[in-house]
*Asks:* 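Structure incoming, see below.
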Amino acid sequence: MKVDAKQYFSKELLAWYQLVKRDLPWRKNRDPYRVWVSEIMLQQTRVDTVIPYYERFMAKFPTVRHLAEAPEEEVLKSWEGLGYYSRARNLQAGAREVVERYGGIVPDDKEAVASLKGVGPYTSGAIMSIAFNRPEPAVDGNVMRVLSRYFCLEDDIAKPSTRTGIEKLAVSLIPEGEAGDFNQALMELGALVCTPKSPVCLTCPVMEHCAGRLAGKETELPVKTKAKPPREELRAAVIVEGSGAHAGKVLVRRRPDKGLLAQMWEIPHLLVPEHGDDAALAEQLSRTLHEETGLLIRPKLALMDAEHVFSHIHWKMKIYAADLGAGSEDGAGSAESAECTSRLRGGEEMHPLWAAEAAAAYESGFGAPANAAGARTAEGGAETLPEPYSWIGRDDMERLTFPNLFIRVLNHYFDNR
DNA sequence: AATGCGGGGAG
DNA sequence: CTCCCAGCATT
């Protein structure tokens with residue numbers, strides 16, 4: 001590629017950007033903290049999705065110090081529904097580091113910024129160029145697509161080595177003193193014109209020298225290996241209705257500190273080998289929850305099915321509604337509970353569909369609970385549930401953080417109760 | 001180099 | 001349906 005084509009590209013792209021750039025909330029000024037928050041939220045997330053989250057987040061945590069001093073649960077709650085929740089924890093960890101080590105001022109220093117939690121090659125380049133106008137590359141999916149097409153590069157952009165190579169190219173394209181605008185222009189072009197499918201080449205400011213298009217390959221590029229399909233997991237979940245002191249509430253638990261959906265709340269569920277038999281699933285749920293909480297639950301209704309696809313796992317869940325039987329801490333007594341028939345419409349009545357053997361095991365209380373909390377009988381049971389379980393009402397959903405999957409399920413339940 | 005990590009919009 | 005989005009951390 002000739003030097004001419006590179007200079008042409010940078011000059012025309014920059015001029016185009018000044019004309020058409022969108023008025024986005026994080027472009028109001030160059031406050032490094034605002035840029036930082038926006039770039040973290042924008043990781044693997046569309047602009048239109050981010051905007052409302054960004055507005056709420058900046059109103060609630062307007063400065064590095066506000067974020068650093070906030071309770072972690074509030075930060076996670078503000079991220080609810082946005083996905084990739086470790087971003088929220090890492091962002092707050094970074095804010096606390098900036099307060100402790102740099103007095104609350106984001107340092108104008110590449111190594112310092114790059115060392116912050118959750119800040120990788122792209123984000124550090126974006127912060128350094130946009131906030132400080134430093135000539136660093138900010139190569140994301142947009143940039144790899146745009147440059148692959150313009151320079152007709154056929155390297156697989158799924159390979160890390162390809163990104164590294166494109167970073168070197170991207171640096172060489174940055175016009176003197178215009179790193180921030182140029183990098184944003186590159187991404188803006190990828191978002192508005194040089195889109196993944198059916199790029200709008202006729203409106204492209206650099207169409208004339210686009211090698212990919214001149215070769216007729218604009219829709220073939222960039223080359224990218226397909227991702228492996230998510231593995232399927234069948235799960236059985238249950239909404240347990242409290243009674244007595246916990247009437248109107250449901251049983252939830254908090255997920256572990258690390259891993260999938262870390263530290264978020266959910267309704268109890270478990271991995272099962274197959275979905276065939278409602279009675280068998282009900283029995284497994286009942287037995288497992290008894291082991292973990294001491295509660296004796298009685299699944300009554302197949303409430304709904306729910307599917308949720310993560311990038312690497314595909315959950316297929318059957319969700320039951322249950323109440324507490326005799327022998328539970330909150331047990332209202334079998335006679336009373338037995339009269340609680342279908343409170344939910346559209347569901348399928350299943351109690352007492354249990355196999356005789358499972359029902360007998362249930363009636364005998366499954367033996368002693370494995371959990372140290374001990375048996376919870378109507379007379380002498382402990383008042384508190386073992387961690388990480390808890391009873392919550394609908395109002396509590398305002399302060400606890402749930403993945404969208406469970407928000408949908410709980411809303412469906414509370415709406416039709 | 002591979003894998004884990006959310007959720008949704010567009011075609 | 002499929003693709004992929006202003007990616008990063010861990011192994």
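In the text below, chain A, chain B and the rest are named by the order of the sequence lines, each starting its count at 1.
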*Asks:* Look at all strands and tell whether A:S311 reaches a base, only sugar-phosphate, or nothing, counting heavy atoms closer than 4.0 Å.
*Replies:*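 Base: the residue A:S311, judged by heavy atoms under 4.0 Å, touches a nucleobase.
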
*Asks:* Nearest whole angstrom, please: distance from the C1' of B:dG4 to the NZ of A:K258.
*Replies:*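 In whole Å, B:dG4 C1' and A:K258 NZ are 13 Å from each other.
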
*Asks:* Can you check the distance between B:dC5 and C:dC4, where both ends of the measurement are the C1' atom (answer in whole Å)?
*Replies:*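 Taking atom C1' in both B:dC5 and C:dC4, they lie 15 Å apart.
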
*Asks:* Closest-nucleotide mapping onto DNA chain B: is A:S198 or A:L260 further toward the 5' terminus? I mean the 5' end.
*Replies:*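 It is A:L260, whose closest nucleotide lies nearer the 5' terminus.
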
*Asks:* Taking the six-membered ring for Trp, are the ring centroids of A:F406 and A:W265 within less than 6.0 Å of each other?
*Replies:*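 No; A:W265 has its ring centre 6.0 Å or more from that of A:F406.
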
*Asks:* Provide the full list of ring-ring contact (aromatic ring centres under 6.0 Å, His included) pairs with a residue in residues 14-39 of chain A, sequence neighbours left out, each pair given once.
*Replies:*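 Listed once each, the pairs are A:W26-A:Y54.
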
*Asks:* Salt bridge check, A:E188 against A:R27: does any charged N sit closer than 4.0 Å to a carboxylate O?
*Replies:*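 Yes, A:R27 and A:E188 are salt-bridged.
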
*Asks:* Give A:L405 one of three labels, base, sugar-phosphate or nothing, depending on what nucleic acid heavy atoms sit under 4.0 Å from its own.
*Replies:*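 Nothing: the residue A:L405, judged by heavy atoms under 4.0 Å, touches no strand.
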
*Asks:* Is any side-chain N or O of A:N404 closer than 4.0 Å to OP1 or OP2 of B:dG8?
*Replies:*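 Yes, A:N404 has a side-chain N/O under 4.0 Å of OP1/OP2 on B:dG8.
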
*Asks:* Measure from CD1 on A:I313 to C1' on B:dG7 and round the result to the nearest Å.
*Replies:*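 Going from CD1 in A:I313 over to C1' in B:dG7 covers 14 Å.
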
*Asks:* When rounded to the nearest Å, what value does the distance between P atoms of C:dA6 and B:dG11 take?
*Replies:*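 Those two atoms are separated by 13 Å.
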
*Asks:* Taking only the side-chain nitrogens and oxygens of A:H312, find out if one of them lies under 4.0 Å from OP1 or OP2 of B:dG4.
*Replies:*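 Answer is no, no contact under 4.0 Å.
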
*Asks:* Take the protein atom CH2 of A:W79 and the nucleotide atom C1' of B:dC5, then report the distance between them rounded to whole Å.
*Replies:*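 Distance, rounded to whole Å: 14 Å.
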
*Asks:* Have A:Q43 and A:Y122 got a donor and an acceptor in their side chains that come within less than 3.5 Å?
*Replies:*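 Judged by distance alone, the side chains do not pair up.
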
*Asks:* Using the C1' atom on both, measure B:dG6 against C:dC3 and round to a whole Å.
*Replies:*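 Their C1' atoms lie roughly 16 Å apart.
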
*Asks:* Rounded to whole Å, please give me the gap between NE2 in A:H314 and P in B:dG4.
*Replies:*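 Nearest whole value for this atom pair: 17 Å.
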
*Asks:* Between the side chains of A:N142 and A:R145, is a donor N or O closer than 3.5 angstrom to an acceptor N or O?
*Replies:*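 Yes, because at least one side-chain N or O of A:N142 sits under 3.5 Å from a partner of the opposite role on A:R145.
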
*Asks:* Over how many whole Å does the gap from A:R231 atom CZ to B:dC5 atom P extend?
*Replies:*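 To the nearest whole Å, that distance equals 8 Å.
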
*Asks:* Within this structure, what is the CH2-to-C1' distance between A:W315 and B:dG7, rounded to whole angstrom?
*Replies:*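 Taking atom C1' of B:dG7 as the reference, CH2 of A:W315 is at 13 Å.
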
*Asks:* State whether A:H308 places a side-chain N or O below 4.0 Å from either non-bridging phosphate oxygen (OP1 or OP2) of B:dG7.
*Replies:*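 It does, given that an N or O in the side chain of A:H308 lies less than 4.0 Å from OP1 or OP2 of B:dG7.
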
*Asks:* Can you check the A:R89 CZ to B:dC5 P distance for me, whole Å?
*Replies:*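 Value for this atom pair: 11 Å.
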
*Asks:* In whole Å, what is the span from the CD1 atom of A:I407 to the P atom of B:dG8?
*Replies:*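 Computing the A:I407:CD1 to B:dG8:P distance gives 9 Å.
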
*Asks:* Can you name the nearest heavy-atom pair linking A:V409 to A:A306, along with the distance?
*Replies:*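 Closest approach of A:V409 to A:A306, heavy atoms only: CG2-CB, 4.3 Å.
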
*Asks:* Can you build the contact string for nucleotides 2-9 of chain C? Use B for base contact, S for sugar-phosphate-only contact, and - for no protein heavy atom under 4.0 Å.
*Replies:* BSBBBBSS

*Asks:* Check the side chains of A:D109 and A:Y102 for a donor-acceptor pair under 3.5 angstrom, ignoring hydrogens and angles.
*Replies:*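 The answer is no; no qualifying pair exists.
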
